[in-house]
Chemist: 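Pasting a structure below so you can have a look.
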2 protein chains.
Amino acid sequence: MPSVTQAVEDYLKAIWRLSHEGGERVSVGDIASELKVSAPSVTSMVRKLKTMRLLNYERYGGVTLTPRGRKIALEIVRHHRLWELYLYMRLGVPLELVDGEAERLEHVLSDDMEELLTRNLGDPTHDPHGDPIPSKTGALAPVEGIALGQLETGTHAIVARVSDRNPEKLRYLVSLGLLPGARIEVEEKAPFRGPLTVRIGGRRHVVGADLANLVIVRGAPAASRSKGARLGPGVPPRSGKPRGKRR
Amino acid sequence: MPSVTQAVEDYLKAIWRLSHEGGERVSVGDIASELKVSAPSVTSMVRKLKTMRLLNYERYGGVTLTPRGRKIALEIVRHHRLWELYLYMRLGVPLELVDGEAERLEHVLSDDMEELLTRNLGDPTHDPHGDPIPSKTGALAPVEGIALGQLETGTHAIVARVSDRNPEKLRYLVSLGLLPGARIEVEEKAPFRGPLTVRIGGRRHVVGADLANLVIVRGAPAASRSKGARLGPGVPPRSGKPRGKRR
DNA sequence: CTAAAAAGTTAGCCATATCTAATTCTGCGT
DNA sequence: ACGCAGAATTAGATATGGCTAACTTTTTAG
């Protein structure tokens, strides 16, 4: 019986991501471009994953994850986002680089280590991009909020999430200060998907509609609940308790 | 031209380790048992590594690393030991588990991350077992000291290094408190490779000769230079500087 | 409704890294 | 000096994952 290799993990994660964002049913072509492999590679891997009962698949029919497949996918996503947060908070890895590093580390996280990371971070709920970290049981908090591009002139909001799909764009957004937790105000919004003029931390920036829609915000009445813990690197870490002998 | 895969890294590291401990020239059989693969696997990989100019090899003649091969091997060893120290100091991973975790992490450490790890640890020179961490240029400090089993009755010493080859034994040594930095006194040494009675942190233990020779110690006159920085987990970490935009 | 475009699949191949079984060296002991 | 045991190599097979080229099915547009 085939085992869960790194390739298997990559496929499951990609399929999960696509079905999470797009529809339930995922096409071979989408998987191929997500993973940057050829379509035939996807077909053959998908047939293998079917025999492993990790997904449902019929010829020409697209794929959906089975519960077992989703469970593994969410484990990987959990690993990925835990590493992202850890690298950002404890090692000061720049936000734009965090995804790439976690991409490799996600496959290398034992249960023991996962436990230590989690504790060290204080049972975190969100990664530094604002995406929710799946719980160990596979529960995933919904991303609440609306795209920045939807806001009307005069609105105040707090950034909840910044897409990390494109490192270049992310780098730019970060340079504007548009990262999770930031307070912003829409000073002006040009009509017809036009650019927004936003005020961030005292400075004014003009942001194109495409870029603005990578940013998810939630409403910010005068004082916002800071329940979600302000994110940011450089917070004094606590180390895991030194332990003596253990069983 | 073949690339440096994880398997290549594993072979180079194994060969380096064997030639470091045994002689310059390493046999196919030793590599096979070090990596727990069959001899034919080693032969074929070694032929490949030769074409990559990472080692010297003649049929039936054993192998030696070329400078290029050694450089890569030392990079991996550096990664391994940096991760070991980081996990031990900052995440509280128990000493007996640190090697296994690092075994997987060593292949996943970008230059950027290596830099951050190094800085976070304050340019460390030794891993938590007491082994020296190769410098980025490939320089490796010698392990100074003698085996604990060599000490005579009445001698005082400080543990410099504890072998991590056997996790079971290591776990036991750790449970005795026999870890790098510990002060010990030999209360009695039985003749003919007999067991030692040692005093460690106020408690007395009897240690067999085999076990005792996994421990390397250096002399401990009344006050020892604590130049080598006392090792131990739970030291307050400092996080990498948050950085803004960067080139 | 049908033909072309797009998407997906099959066929066949390559590279990596492993293994077992069979064969060939090497070097040691008598 | 010679045979033999042990080490190493060759031969040949397997598993994983990826690719291109050619073919089939589905979808879409006129």
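Lettering of chains follows the sequences in order, A, B, ..., and the numbering in each one begins at 1.
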Chemist: For nucleotides 13-22 of chain C, give me one character per nucleotide, 5' to 3': B if any protein heavy atom sits under 4.0 Å from the base, S if the only such contacts are to the sugar-phosphate, - if neither.
Modeler: ---SSBBBB-
Chemist: Taking CD from B:E34 and P from D:dA7, how many angstroms apart are they, rounded to a whole number?
Modeler: 17 Å
Chemist: May I have the distance from A:D10 (atom CG) to D:dT16 (atom C1'), rounded to whole angstrom?
Modeler: 14 Å
Chemist: Polar atoms only, N or O, under 3.5 Å: list the protein pairs with nucleotides 23-27 of chain C and their distances.
Modeler:
{"unit_1": "C:dT24", "atom_1": "O2", "unit_2": "B:Y60", "atom_2": "OH", "d": "3.4"}
{"unit_1": "C:dC25", "atom_1": "O4'", "unit_2": "B:Y60", "atom_2": "OH", "d": "3.2"}

Chemist: Are the side chains of A:L140 and A:H20 in touch, meaning some heavy atoms are under 4.5 Å apart?
Modeler: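 They are in contact (side-chain heavy atoms under 4.5 Å apart), so the answer is yes.
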Chemist: In whole angstrom, give the distance that lies between atom NZ of B:K50 and atom C1' of D:dT9.
Modeler: 14 Å
Chemist: Can B:E106 and B:D10 be said to form a side chain to side chain contact (heavy atoms under 4.5 Å, CB included), step by step?
Modeler: CA-CA 10 Å; B:E106 67 189 6; B:D10 285 337; 4.0 Å; yes
Chemist: With a 4.5 Å cut-off on side-chain heavy atoms, are B:L179 and B:L173 touching?
Modeler: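 No; the side chains remain at least 4.5 Å from each other.
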Chemist: Is it the case that B:E84 and B:H80 place a side-chain donor and acceptor less than 3.5 Å from each other?
Modeler: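 A pair is found: one side chain offers a donor N or O, the other an acceptor, under 3.5 Å apart.
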Chemist: Could you state the atom-to-atom distance from CD1 of A:I31 to P of D:dG18 in whole Å?
Modeler: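 Taking atom P of D:dG18 as the reference, CD1 of A:I31 is at 12 Å.
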Chemist: Salt-bridged, A:K169 to A:E96, with N to O below 4.0 Å?
Modeler: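 Not counted as a salt bridge, because no side-chain N and carboxylate O are separated by less than 4.0 Å.
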Chemist: CG of A:L35 versus C1' of D:dT16: gap in Å, rounded?
Modeler: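 Computing the A:L35:CG to D:dT16:C1' distance gives 16 Å.
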Chemist: Is there a side-chain contact between A:I76 and A:W16 in this structure, where contact means two heavy atoms from C-beta onward sitting under 4.5 Å apart?
Modeler: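 No, side chains not in contact.
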Chemist: Check whether more than 12 heavy atoms from other residues, nucleotides or ligands sit under 6.0 Å from atom CD of A:E21, and answer yes or no.
Modeler: yes
Chemist: Thinking salt bridges, do A:D99 and A:R165 make one under a 4.0 Å N-O criterion?
Modeler: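 No.
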